[in-house]
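Everything below concerns the one structure shown next.
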Amino acid sequence: MRTGHRKKHPCAKMRPYADPTRDTMIHVLKHVESITQHRDRTLLELGVASALFELVKAREVNLYKAVMHGDDHYLSRVTHVGQDGVRYVQSEFDEGGEAVPLHTRPEMVACVEQSQIVLFNAIERGEYVHCFPISVDRRVLGVLEVTCTAPLTEEDLGTAEGFLGLYRNYLSLLDYSERDTLTGMLNRKTFDENLGKILAGLATVAPTDADSTAAPLRRRQQDDGNHWLAVVDVDHFKRVNDQFGHLYGDEVLLLLARIMRDSFRHQDKLFRFGGEEFVVILRAMADDEVTVALERFREAVENYRFPQVGQVTVSVGYTCIDAQDTIPDIVGRADDALYMAKESGRNQLAHYEKLVSEGKIATREQPDSDIELF
Ligand SMILES: Nc1nc2c(ncn2[C@@H]2O[C@H](COP(=O)(O)OP(=O)(O)OP(=O)(O)O)[C@@H](O)[C@H]2O)c(=O)[nH]1
């Protein structure tokens, strides 16, 4: 039987002086271990930014996401680690992370458009800003910005590029496991994780009797509006498959995914839920804002001519997400509304809460207690 007693390794006594190279290596490996333990994108990003901040002794490290809207690039800061001790991760749904046009950050243009590393001397602040492109499959997804009081040494540049390589590889692995292979949209597994995070966020800011600390965050959440969930289903898709074959059916799904990407904002989350069903999670101040966005998408599909197939339409059911909801509650309500949209002739939207207030649909039964029976 083994006991808890461990013999000292004979070499332990033979280390009369510290070996700085070995210590640095151990330090770097600890960061690598900590970064790769995450299956979560935001924690991964924070891990990379924190590691670089410490290892190259930066003043601050920022991570920007680059997004295309129309023909223009926009940048949105998602992670920040600074000397002030502030460590910050922007929620993907947070409107506070409003994207700025790329041209307002001229030092980043070559980085995003030509995938070049850029060193920028901000003399007035006594800072050197290093911008590294974050690219996966030759697409620049963002910029890692490392700000220091002096240009990075060759060694530090090597460290930064090494961590960037690690981040890129890990990101493409995560991306692969998060996406549907046909349309490239986020998959069902990612849907559950994302909606779970939204609900957890809402629960932390939901009002309680003695909640003074949560008040500013709650106010901000309320200022940013509600989250909404819409289920989109292709009308008579079986007919498309039967009449034109599965390959054309697949092409319809692929093109539909493209129309969805063009119709919604970059903060909105788009998922392929399975088969010919898609889900959008969006944030909006008011009901009519959601209706306008969904209606714009519905019309775009109706007006598109799919190769060989011609016109395809979609029906959409949507509902407002509440802090007390569970995932099945939300999807169930959107599905009930979708059913009504199909029953009422397809190619239209149906808003669950509106249907309830008009007495056209019965409210879903809420469980009496928190206890779930299996
Ligand atoms: N080509 C293709 N077809 C799929 C895929 N996933 C599901 N389908 C097909 O989608 C069709 C869905 O049919 P139904 O659920 O009957 O619905 P529908 O014909 O769209 O009719 P409504 O929803 O009532 O308007 C089935 O024929 C499935 O085989 C896919 O990945 N590719």
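Read the numbers this way: they start at 1 and go in the same order the structure lists the ligands and their atoms. Start at 1 with the first residue, then count along the sequence. Because the structure is predicted, anything quoted here is derived from the model rather than measured.
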### Message
Tell me whether the rings of Y304 and F306 are parallel (<30°), tilted (30 to 60°) or perpendicular (>60°).
### Response
perpendicular
### Task
Establish, from distance only, whether the side-chain atoms of T190 and N187 form a donor-acceptor pair under 3.5 Å.
yes
### Query
If you measure from the Lys or Arg side-chain nitrogens to the Asp or Glu carboxylate oxygens, is any gap between D242 and R239 under 4.0 Å?
no
### Query
Can you check whether V234 has an N/O within less than 3.5 Å of an N/O in ligand 1?
yes
### Query
Does a side-chain N-to-carboxylate-O contact under 4.0 Å join E33 and K30?
no
### Summary
Short version for N241: what comes under 4.0 Å of ligand 1, heavy atoms counted, is side chain
### Trace of the side chain to side chain donor-acceptor pair (under 3.5 Å) decision for S315 with D233
CA-CA 5 Å; S315 298; D233 191 278; over 6 Å; no
### Shortest heavy-atom approach to atom 32 (N) of ligand 1 - which of D250, T183, D242
D250
### Query
Nearest protein heavy-atom contact for atom 24 (O) of ligand 1: which residue, which atom, what distance?
R346 NH2, 2.9 Å
### Message
Under 4.0 Å from a heavy atom of G249: which atoms of ligand 1 are those, numbered in the order shown and with their elements?
### Response
1 (N)
### Side chains of T291 and D288, donor plus acceptor under 3.5 Å
no
### Query
Does V252 approach ligand 1 within less than 4.0 angstrom via side chain, backbone, both or neither, non-hydrogen atoms only?
neither
### Query
Considering only the protein, which heavy-atom contact is closest to atom 17 (O) of ligand 1, and what is its distance?
E276 OE1, 3.9 Å
## Note on the structure
min-distance protein heavy atom vs atom 16 (O) of ligand 1 -> K238 CD, 4.1 Å
### Query
Counting only N and O atoms by type, is there a donor-acceptor contact under 3.5 Å from the side chain of R272 to the main-chain atoms of A257?
no
### Task
Answer yes or no: does an N/O atom from R239 fall short of 3.5 Å to an N/O atom of ligand 1?
no
### Task
Under 4.0 Å, heavy atoms only, figure out whether ligand 1 is touched by the backbone of E251, its side chain, both or neither.
neither
### Query
Would E277 count as a contact of ligand 1 if the rule is a heavy atom under 4.0 Å away?
no
### Task
Have a look at G274, G245, G275 and point out the one with the heavy atom closest to atom 6 (N) of ligand 1.
G275
### Query
So how far is it from Y318 OH to L338 CG, rounded to the nearest 0.5 Å?
12.5 Å
### 4.0 Å protein heavy-atom contact status of atom 14 (P) of ligand 1, strictly under
no
### Message
Suppose we measure from atom 20 (O) of ligand 1 to each protein heavy atom; which comes out shortest, and what is that distance?
### Response
F237 N, 2.7 Å
### Message
Could you report the tightest heavy-atom contact between I361 and A337, atom names first, then the distance?
### Response
CD1-N, 4.4 Å
### Numbered atoms of ligand 1 (with element) below 4.0 Å of D233, judged on heavy atoms
23 (O)
### Query
Do the side chains of M185 and R261 get nearer than 4.5 Å, heavy atoms only?
yes
### Carboxylate-amine/guanidinium contact R105 E145, below 4.0 Å
yes
### Which residue and heavy atom of the protein sit nearest atom 31 (O) of ligand 1, plus the separation
R272 NH2, 2.7 Å
### Summary
In ligand 1, the atoms that come under 4.0 Å of a heavy atom of L253 are 30 (C), 31 (O), 32 (N)
### Summary
Per-atom filter on ligand 1: closer than 4.0 angstrom to a heavy atom of K342 are 22 (P), 23 (O), 25 (O)
